[in-house]
Amino acid sequence: MSSMSPPADPAVASFDMVDPGQLESWITAQRWFASKGRLSHIGVVETLSLSDEPPLTLALIEARPLSDTGPGASELYQLLVGSHPAAGISPDALDEETGRSGLAELLLSGRHVRSGENSSVQFHWLPDDRSPRPKAAARLLGAEQSNSSLLIDEQVVLKLFRRLEPGVNPELEMLRFLRSHGFTDVPQLLGWIDLHSHSLDGTLGVAQGFVADGRDAWELTLDALERGDADCEDLRHLGAVVGSMHTVLGSDSHHPAFAPEQPSAEWLALLAVDVDRHIEALFAALPRSPALEPLAGRREEVRAVLDSLLRGHAGGRLIRTHGDLHLGQVLRTPQGWVVLDFEGEPARSLVHRRRKRSPLRDVAGMLRSFAYASSAVQLQRGRVAPAGWEERARHSFLSGYFGAVDPALLPLERSSGDQLLALFELEKAMYELGYEIHNRPDWAAIPVEAISRILEEQTH
C-alpha cells in the first residue's frame, strides 16, 4: 500500500465556480440519481483530488429534494470528475477512458490519498493471483439504476455506490463475512474503497471477481419458459444454495453485526407498522383500472389478513439476509449458482438494509420472482408459460431450501413458517403494486394476482 498527497488540482478550486443550475440539470438526468423531482438545494460540499495525472477528483454532491410538504432530507452523492469543470459540469470521469484507467490504477496500487488534515480516500486491494496487470483496461458495465460498475482487465468488477451514507456498505460486509465463513457461492472479494472526511465516513466502492461464465437467472428463466422446457430441478439446487447461505449467515453468535437474534415484540410491531403504512398510502391513491378491480374496497380485508399473519408468528431467528433476492440477483455457471448484489434495496437507508430479519423474507422475494417470470414471458416474449410452472418452481425451490437451511433459524412449527412466508409475500406484493402503478401499469396485474391469492388463502 502506498500513501500520497497529490499536487493541488485546479479542478478542486474551480468547483466553487460551478453554476448550481447547470449542476442540477446534469445530475438529475443521471440514471443513478434517486430524486427525480424538483430540488430545493444542490451544491458541492467537499472535493478531494485523487490524482494529478490523469486528473481525477472526487466531488461530494449534496441534493435536497423538494416535495409538496417542503424540503426533504439531504442526499449525498459521489461524482468523479476527470477534467476542469469551470465552464460547466464536465463529463463523468467514468465516461472517459483516462478516468476509468486512472481509477483502476489507484485501486490496484492500494493507494492512500490524503487531502488536508482530516480527509482521505483509502483504496484497499487484497493480494490475489488473478491481479490485473498495471495500466489495466477498464470499461463500464451496462446501465445500472443506482450504481456504476467498471470491469477491469476482464477480471475484476469495481462497483461504485453513487448515493452515499455513513457506515460500511452491506455489499462489502456480506461478501467479507460469507467468504471468511466458507461460503463460496458468491463472487470473491478483491478490494474496496473507503472515504474518511468531515462529510462522511463510509464505503465508496467494492471490487470483486468477475463471474465470466455466469448467465443471469432472470434471462435464463425467460429463455427456458419461451422454449417451453424450463427445468425446475435446477431451482431445487438454487433453493439449497440460498438455504446454505442463510445457515452460514446465522452461524456466528460472536460477531455483533451477524449474531442471530430472537424476534421480539418490538420487531413484530415495527414490521406491522411498516406494512400498514404502505397499505394506507397505496389504497389512498389506488387509481381506477380494470387490472386493479380485484382489490377495490379491500383495504380493511388486507389489514385483517396482515394482523392474522402477524399473530401466527412464533420462533425462528433474525439474521442478516440478502435483502433484495430475486432471479436477477443470481447467476448460473457450469459449476452451479452464484449469488450477487448484497447491498440490499438501494432506495432504503443503510440502517434499514443492515437490519436483521427472518430469512424467509429472502425466500419470499425469490418466490415473487417466479411469479414475475411466469407473466413476463408473455409480456416481453409473447409466449405463455407452461401450465403449472410457477407452482412447480415454488415447490422445487422450497424443497431445496428447507433441505439445506438450519431449522433453528425458522419457526418450530411448519404452519407458523408458512404464515410468516405468506406475510412476507404479501409485503413484497404490496411494494410491487405501488411500483408498477407508477412505472409499468401494464404489469400491475402481477402483484394484484398475488395479493388476491393470499387474501383468499388466508380467509378460507
Side-chain angles (χ1 to χ4, degrees), residues 124 126 165-189 192 194 201-203 206 208 238-272 274 310 312-325 329 337-345 348-366 398 400-421 423-424 427:
H124 301 267
L126 304 177
E165 292 185 76
V168 180
N169 190 281
E171 180 94 11
L172 171 59
E173 202 173 22
M174 296 282 280
L175 287 179
R176 188 157 46 194
F177 180 90
L178 287 167
R179 277 283 181 168
S180 68
H181 286 71
F183 186 78
T184 58
D185 296 321
V186 293
Q188 184 175 3
L189 177 65
W192 64 95
D194 286 336
D201 283 349
T203 311
V206 172
Q208 52 198 272
L238 175 58
V241 167
V242 174
S244 298
M245 179 182 74
H246 284 159
T247 297
V248 172
L249 288 170
S251 66
D252 191 342
S253 60
H254 301 292
H255 194 304
F258 287 86
E261 298 176 0
Q262 192 82 20
S264 64
E266 180 185 15
W267 176 77
L268 285 170
L270 287 172
L271 178 60
D274 189 40
L310 283 167
H313 175 67
R317 295 290 185 272
L318 305 182
I319 63 171
R320 291 292 295 274
T321 63
H322 183 282
D324 190 24
L325 192 64
Q329 306 284 44
W337 292 101
V338 176
V339 186
L340 305 172
D341 294 331
F342 286 90
E343 62 176 304
E345 297 171 309
R348 303 277 198 174
S349 70
L350 199 64
V351 171
H352 188 279
R353 286 181 274 155
R354 296 183 71 241
R355 194 174 293 163
K356 294 171 185 175
R357 307 176 188 280
S358 166
L360 291 177
R361 191 171 185 271
D362 274 352
V363 175
M366 188 59 75
L398 290 175
Y401 179 81
F402 288 123
V405 71
D406 180 358
L409 301 179
L410 307 178
L412 183 62
E413 298 294 332
R414 182 62 183 265
S415 59
S416 295
D418 290 343
Q419 283 190 277
L420 189 58
L421 186 55
L423 169 65
F424 290 127
E427 176 200 26

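Starting from 1, each residue takes its place in the sequence as its number.
Rounding to the nearest 0.5 Å gives a distance of 9.5 Å between CZ of Phe183 and OG1 of Thr247. Considering CZ of Arg355 and CZ of Arg348, their distance stands at 8.5 Å, rounded to 0.5 Å. Residue Leu409 holds its CG atom at 9.0 Å from NE2 of His246, rounded to the nearest 0.5 Å. The CG atom of Asn169 sits 13.0 Å away from atom CH2 of Trp192, with the distance rounded to the nearest 0.5 Å. One distance of note links CD of Glu173 with OG1 of Thr203; it measures 8.5 Å at 0.5 Å rounding. A distance of 9.5 Å separates CZ of Arg357 from CG of Leu318, quoted to the nearest 0.5 Å.
Looking at Met366 and Leu238, their side chains come closer than 4.5 Å, going by heavy atoms from C-beta outward. Annotation: side chain of Arg317 is in contact with side chain of Gln262 (closest heavy-atom distance under 4.5 Å). Side-chain contact between Leu340 and Pro187: present, with at least one pair of heavy atoms (C-beta onward) separated by less than 4.5 Å.
Both the sub-6.0 Å distance and the 45° axial angle are satisfied by Arg414 relative to the ring of Phe402.
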Taking it one step at a time, do Thr321 and Arg361 satisfy side-chain contact (heavy atoms from CB on, under 4.5 Å)? CA-CA 8 Å; Thr321 63; Arg361 191 171 185 271; 5.7 Å; no

For the pair Ile319 and Phe258, evaluate side-chain contact (heavy atoms from CB on, under 4.5 Å) and give the outcome as yes or no after the intermediate values. CA-CA 6 Å; Ile319 63 171; Phe258 287 86; over 6 Å; no

Applying side-chain contact (heavy atoms from CB on, under 4.5 Å), run through Leu175 and Val186 and close with a yes or a no. CA-CA 7 Å; Leu175 287 179; Val186 293; 4.0 Å; yes

Could you go step by step and tell me if Glu261 and Trp267 meet the side-chain contact (heavy atoms from CB on, under 4.5 Å) rule? CA-CA 11 Å; Glu261 298 176 0; Trp267 176 77; over 6 Å; no

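The minimum heavy-atom distance between Glu343 and Glu171, with the atom names listed, is N-OE1, 3.2 Å. The two residues Ser358 and Leu420 come nearest to each other via the heavy atoms OG-CD2, 3.5 Å. Here the shortest heavy-atom pairing between Leu398 and Val363 reads CD2-CG1, 3.6 Å. For Tyr401 against Pro359, the heavy-atom pair with the smallest separation is OH-CB, 3.5 Å. The two residues Asp185 and Trp337 make their nearest non-hydrogen contact at CB-O, 3.5 Å. Between Lys356 and Pro256, the closest heavy-atom pair is NZ-O, 3.0 Å.
At a threshold of 4.0 Å, the pair Arg353-Glu165 counts as salt-bridged, since one of the basic side-chain nitrogens sits closer than that to a carboxylate oxygen.
Test Gln329, His322, Met174 against Val339 for side-chain contact (heavy atoms from CB on, under 4.5 Å) and you get one pass: His322.
Summarising the local packing, CD of Glu266 is surrounded by 12 or fewer heavy atoms from other residues, nucleotides or ligands at distances under 6.0 Å.
A donor-acceptor pair under 3.5 Å is absent between the side-chain atoms of Asp324 and the main chain of Phe342, judged by distance alone.
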